[in-house]
Amino acid sequence: MTLEEARKKIIYALDVPGLDDIDRWAETLSGKVGMFKVGKELFTSCGPAAVKAVQRHGGQVFLDLKYHDIPNTVASAMLAAARLGVQITNLHALGGAEMMETAVAAVHKEFNDTERPRLLAVTILTSSTAMTLRQVGIDHSVQDMVVRLASLAKEAGMDGVVASPLEIGLIREVCGPDFLIVTPGVRPSFASADDQKRIMTPAEAVTSGADYLVIGRPIAKAPDPVEAAECIAAEIVEGAR
Ligand code: C5P
């Protein structure tokens, strides 16, 4: 794998409050990462202007709003995301097969395959445990649920999933080589774990089969963020040897 290919696998989590911060990060990391993730905090404060700010700097966007609602509402929201020109957007697989199928149909109807965003499903959040599931009436293990929801997402026509690095192997086995896997919870060897618990290094995650890595604080909090991003890309290249 080349350094350029490794950089493209990094999605930088723009966990910042305002538009000025976006300009700063998009400029700093331009060409050093493959995509920028706009999440709920940033989108709730700034709206589509957050996406446009990244795009103004030539950056690609993962709009991480994790929709979960009735099928018609999720389909309309995903279509609105697609119209913003983002490269990836997502929903919660727990919303069910009909919700996912309706969203896929709406986006595929208006956009061709090369123009449309990749549509991902969140399986079970990495913050959830067996206890979290039991409390809401689900008596299955997290792993069983992840595999079940990833299969359901694939059958519904979704392009991939967001999953913990520890679940990559299982998902690949069940969903095949072309199903996209995006994983947070990645920590390069030089960084602290922060509040992430079930972690892997970037090299391990990519070797296990991750297509993209969502990385925030190891870059944001580094004394030299560009150097940190470059170290991560170098670790990925090294791991792929
Ligand atoms: O700073 P850090 O690298 O931990 O950031 C990871 C990003 O991925 C954050 O934006 C976080 O909200 C997101 N994320 C996560 N775990 C999930 C889903 C999303 O850490 N299960």
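Both ligands and their constituent atoms are indexed starting at 1 by order of listing.
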Side-chain (Gln60) to main-chain (Ile11) donor-acceptor, under 3.5 angstrom: no

Is it the case that the ring center of Trp25 lies less than 6.0 angstrom away from the ring center of Tyr12? yes

Considering non-hydrogen atoms of the protein only, which is the closest contact for atom 8 (O) of ligand 1, and what is the distance? Val214 CG1, 3.5 Å

Salt-bridge present (Lys221, Asp194; N to O < 4.0 Å): yes

Consider ligand 1: state whether an atom of it lies below 4.0 angstrom from any non-hydrogen atom of Asp15. yes

Nearest neighbour in protein (non-hydrogen) for atom 20 (O) of ligand 1: Gln196 NE2, 2.8 Å

What protein heavy atom sits nearest atom 21 (N) of ligand 1, and how far off is it? Thr126 OG1, 2.5 Å

Check: Asp224 main-chain N/O paired with Glu227 side-chain donor or acceptor under 3.5 Å: no

Shortest protein heavy-atom distance from atom 5 (O) of ligand 1, along with the residue and atom involved: Gly216 N, 3.7 Å

For Glu235 and Pro188, indicate whether the former's side chain and the latter's backbone hold a donor-acceptor pair under 3.5 Å. no

Is Arg83 salt-bridged to Glu110, cutoff N-O under 4.0 Å? yes

Short side-chain to backbone donor-acceptor contact, Arg187 and Ser192, under 3.5 Å: yes

Can you check whether Asp195 has an N/O within less than 3.5 Å of an N/O in ligand 1? no

Determine whether any heavy atom of Gly39 lies closer than 4.0 Å to an atom of ligand 1. no

Can you report which non-hydrogen protein atom sits closest to atom 13 (C) of ligand 1, along with the distance? Lys37 NZ, 4.0 Å

With a heavy-atom distance limit of 4.0 Å, tell me whether Pro218 approaches ligand 1 through its side chain, its backbone, both, or neither. side chain

How far is atom 14 (N) of ligand 1 from the closest protein heavy atom, and which atom is that? Pro184 CB, 3.8 Å

Spell out, as yes or no, whether a donor-acceptor pair under 3.5 Å connects the side chain of Thr44 to the backbone of Lys40. yes

Looking only at N/O atoms, are Arg187 and ligand 1 under 3.5 Å apart anywhere? yes

